[in-house]
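Single-structure report; data block below.
As a basis for the values below, the full set of heavy atoms in this structure was taken, side chains included, without hydrogen atoms, waters or symmetry mates.
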Amino acid sequence: MGSQPQEQGDKAMEKLIKKNEKEDASKASSDGDRVTFDDILSELGEFGLEQKLNYFMFSLPYIMSAMQLLGWVFVGANMSHRCRMPEEVGLDNVSFSYNNDTMWESKSCSRRLDNVTTACDDGWVYDRSQVEDSVVSDWDLVCSREGLRATVGASPMAGYLVGGFVFGFLTDKIGRKPTFMISNTLMATGGLLAAVAPEYFSFVAARVITGFAIAGVEAACFVMGMEMVGPSKRTLAGIVCWFFETTGLLSAVALAYIVRDNWRLLQTLYSAPALLFLAYWWVAPESVRWLVARGRNNEARALIHRAAKRNGVTIGDELIADMEQTINKELEEESSSKTYTAVDLFRFPNLRYKTIILLLCWLTCASLYYVLLLDQSELSDDKYLGFLITAAVQLPGYVYVIFTLERPAFGRKRSMCMFLILSGLALCSHPFVPQSYPKIRIGLSVIGRFAANCSYTILNLFSAEQFPTVVRGVGMGFAVVVSRIGTMLAPYILLLGTYSPCIFGISALLSGFCALLLPETLGRQMPETLQDGERIEICLPWRKGSKNLVE
């Protein structure tokens with residue numbers, strides 16, 4: 001009896017996939033044997049040797065962007081502290097423990113003598129048992145200045161906010177590869193400037209530059225990875241790249257564990273290796289989809305034939321010509337000389353609804369992901385162990401998603417909604433569990449982290465499949481921009497205290513239920529033009545003939 005609903009779900013989703021495939025087939029027939037780049041990939045090999053090499057190249061930068069962004073957890077580690085006593089002024093290597101025969105009482109943000117409480121006018125003494133050196137201890141970002149530390153945590157997201165607009169436009173205007181080269185150079189530059197920053201404000205400025213650049217690196221790399229593989233391999237391509245990001249997080253904690261006594265050296269180690277990617281200017285190709293959409297057919301043909309040779313197959317020029325004719329015809333109807341902007345995401349009703357829902361999901365998922373990596377206090381008193389657990393819990397999530405996302409019973413939409421709702425329930429429940437039940441609190445924390453990471457992983461793939469090629473860079477860039485509003489606010493929301501997880505939990509629940517309105521993309525070709533994307537309707541319950549929401 002228990003398997004009957006599951007079997008019914010499988011049959012319903014299989015029916016939907018077949019319907020999607022029939023609709024794609026009928027579209028091709030009605031449009032005069034419509035041929036897209038996905039048809040080329042079917043002959044070329046959906047994930048052949050050429051694609052694997054290029055995919056690997058554009059996944060490596062995720063390691064660097066993760067270290068640059070989340071390495072702040074250790075570069076700016078929050079250290080236990082107490083007021084420096086008058087007799088300790090001018091002394092080095094003062095013990096964090098304070099025991100003497102005077103009447104002074106030292107606390108983290110005040111000191112007391114003869115029932116008179118004063119501020120820490122002589123500075124602070126820091127607990128260096130775990131982290132020996134940090135931005136926090138260098139510039140005393142504690143007590144009344146604690147908000148300045150939150151500002152550093154939010155500053156890359158301010159840069160990301162602007163970078164998402166700029167590089168989202170550039171990926172579609174000048175190409176994926178040039179955008180990556182520009183943003184990667186800026187990322188390395190910003191990171192190295194942070195390592196030599198003489199004071200707080202120049203450090204914040206360098207972090208803003210870094211965040212600005214990371215937006216371009218991740219947007220260009222993700223779009224490149226998605227556009228070079230066929231429909232049946234998109235799930236794999238959309239998820240495997242995040243293994244590289246987790247590798248970056250694990251590398252960040254490993255380097256931090258080794259280099260505890262010099263945050264400037266640690267910041268340099270997080271930043272300098274990105275300079276190696278300058279070699280991509282000579283070895284990495286441009287996106288074939290983008291070249292065709294821009295009318296650069298000769299370059300696209302050369303890359304297709306190079307890929308065919310490396311993959312050991314032969315591609316006929318007639319098929320390539322048919323693809324060019326199909327895309328050029330649709331682009332002419334949309335004004336091929338047009339420069340697409342974020343405004344185009346709201347021009348047509350179906351794309352408008354999809355964009356609004358996806359933006360809500362991005363706002364939620366990004367803030368969840370960022371805040372859970374910033375705060376591991378619930379998992380362990382050891383900063384390194386807590387961060388390691390948070391990063392490591394991502395790995396089984398990726399494996400789970402890889403093995404379920406192509407199964408008809410799950411799909412993209414069902415999986416993402418399920419994880420968003422699960423994460424929301426865990427976060428809303430966590431603050432109300434008494435401290436006397438630590439195992440339950442840790443369990444809810446781990447479940448919330450696992451579900452939040454899975455939903456964020458699926459969202460990246462799901463979003464790229466919803467946006468048409470001509471606005472995919474703009475769409476992903478705009479989604480990233482909106483998501484950074486949440487990540488900018490996240491460090492400050494944490495300062496609200498015990499019940500701050502409820503804010504994130506409610507947002508996750510709302511996003512999960514709204515995402516039920518999105519169409520399933522499993523079994524569909526990626527839309528190329530705005531017209532192509534408008535054919536795929538959203539699941540509005542009041543629209544006659546609309547698909548069931550769970551489908």
Side-chain angles (χ1 to χ4, degrees), residues 62 65 69 156-173 176 179 183 211-227 234 237-239 241-242 245 340-348 350-370 412-413 416-417 419-420 452-490 507-508 510-512 514-515 517-519 521 526-527 530 533 536 538:
Y62 283 97
S65 64
L69 185 60
M157 299 309 166
Y160 214 128
L161 189 69
V162 180
F165 271 121
V166 174
F167 292 114
F169 167 77
L170 288 179
T171 53
D172 290 329
K173 182 65 176 178
R176 289 34 169 158
T179 300
S183 55
F212 175 81
I214 289 175
V217 171
E218 293 188 347
C221 288
F222 190 80
V223 171
M224 279 291 292
M226 291 297 298
E227 290 186 338
R234 282 205 303 264
I239 295 171
C241 60
W242 301 115
E245 182 180 77
Y340 294 95
T341 67
V343 176
D344 293 294
L345 300 173
F346 301 92
R347 280 180 58 196
F348 298 103
N350 280 314
L351 183 57
R352 184 187 312 132
Y353 291 134
K354 294 174 199 173
T355 300
I356 292 171
I357 295 171
L358 288 170
L359 292 180
L360 174 62
C361 293
W362 272 90
L363 184 69
T364 298
C365 290
S367 59
L368 278 176
Y369 182 76
Y370 190 51
R412 278 83 154 122
K413 183 171 76 173
M416 189 179 77
C417 294
F419 283 121
L420 276 170
N453 179 67
C454 288
S455 60
Y456 193 28
T457 303
I458 298 168
L459 178 61
N460 278 271
L461 170 65
F462 197 36
S463 299
E465 292 178 333
Q466 297 282 356
F467 292 122
T469 297
V470 292
V471 291
R472 187 167 297 124
V474 169
M476 294 298 288
F478 188 57
V480 166
V481 165
V482 173
S483 74
R484 297 313 134 179
I485 297 175
T487 51
M488 285 173 63
L489 295 175
S507 178
L510 178 62
S511 300
C514 286
L517 299 174
L518 293 170
T521 56
M526 291 176 76
L530 293 180
I536 307 172
I538 68 170

Give me the atom names and distance for the closest heavy-atom approach of [X] to [Y].
X    : Y    : value
Y62  : C241 : CE1-CB, 3.8 Å
G225 : A237 : O-CB, 4.0 Å
L363 : G486 : CD1-N, 3.4 Å
S183 : G216 : OG-C, 3.3 Å
L351 : D344 : CD2-O, 3.7 Å
A464 : F222 : CB-CE2, 3.7 Å

May I ask you to decide if S65's main-chain N or O and E245's side chain share a donor-acceptor pair within less than 3.5 Å?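 Judged by distance alone, no pair lies under 3.5 Å.
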Would you say the side-chain atoms of R412 pair up with the backbone N or O of S463, donor to acceptor, closer than 3.5 Å?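 Between the backbone of S463 and the side chain of R412 there is no qualifying donor-acceptor contact (under 3.5 Å).
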Can you tell me how far CE of M224 sits from CZ of R176, rounded to the nearest 0.5 angstrom?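 Result: 8.5 Å between the selected atoms.
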Look up atom CD in E227 and atom CZ in R472, then write down how far apart they are to the nearest 0.5 Å.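 Reported to 0.5 Å precision, the distance equals 5.0 Å.
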Applying the side chain to side chain contact (heavy atoms under 4.5 Å, CB included) test to C365, which of N460, L360, L420 qualifies?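 That would be L420.
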Between [X] and [Y], is any pair of side-chain heavy atoms under 4.5 Å apart?
X    : Y    : answer
T364 : S455 : no
Y456 : L368 : no
M157 : L69  : yes
N453 : F419 : no
W362 : M476 : yes
Y353 : L518 : no
L345 : F478 : yes

Yes or no on side-chain contact (heavy atoms from CB on, under 4.5 Å) for L461 and E465, after CA distance, side-chain angles and deciding distance? CA-CA 6 Å; L461 170 65; E465 292 178 333; 3.7 Å; yes
Under 6.0 Å between the ring centres of F212 and F167?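 Between F212 and F167, the centre distance is under 6.0 Å.
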Taking atom types as modelled and ignoring hydrogens, do the side chains of T179 and T171 form a donor-acceptor contact shorter than 3.5 angstrom?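 No, no side-chain donor-acceptor contact under 3.5 Å.
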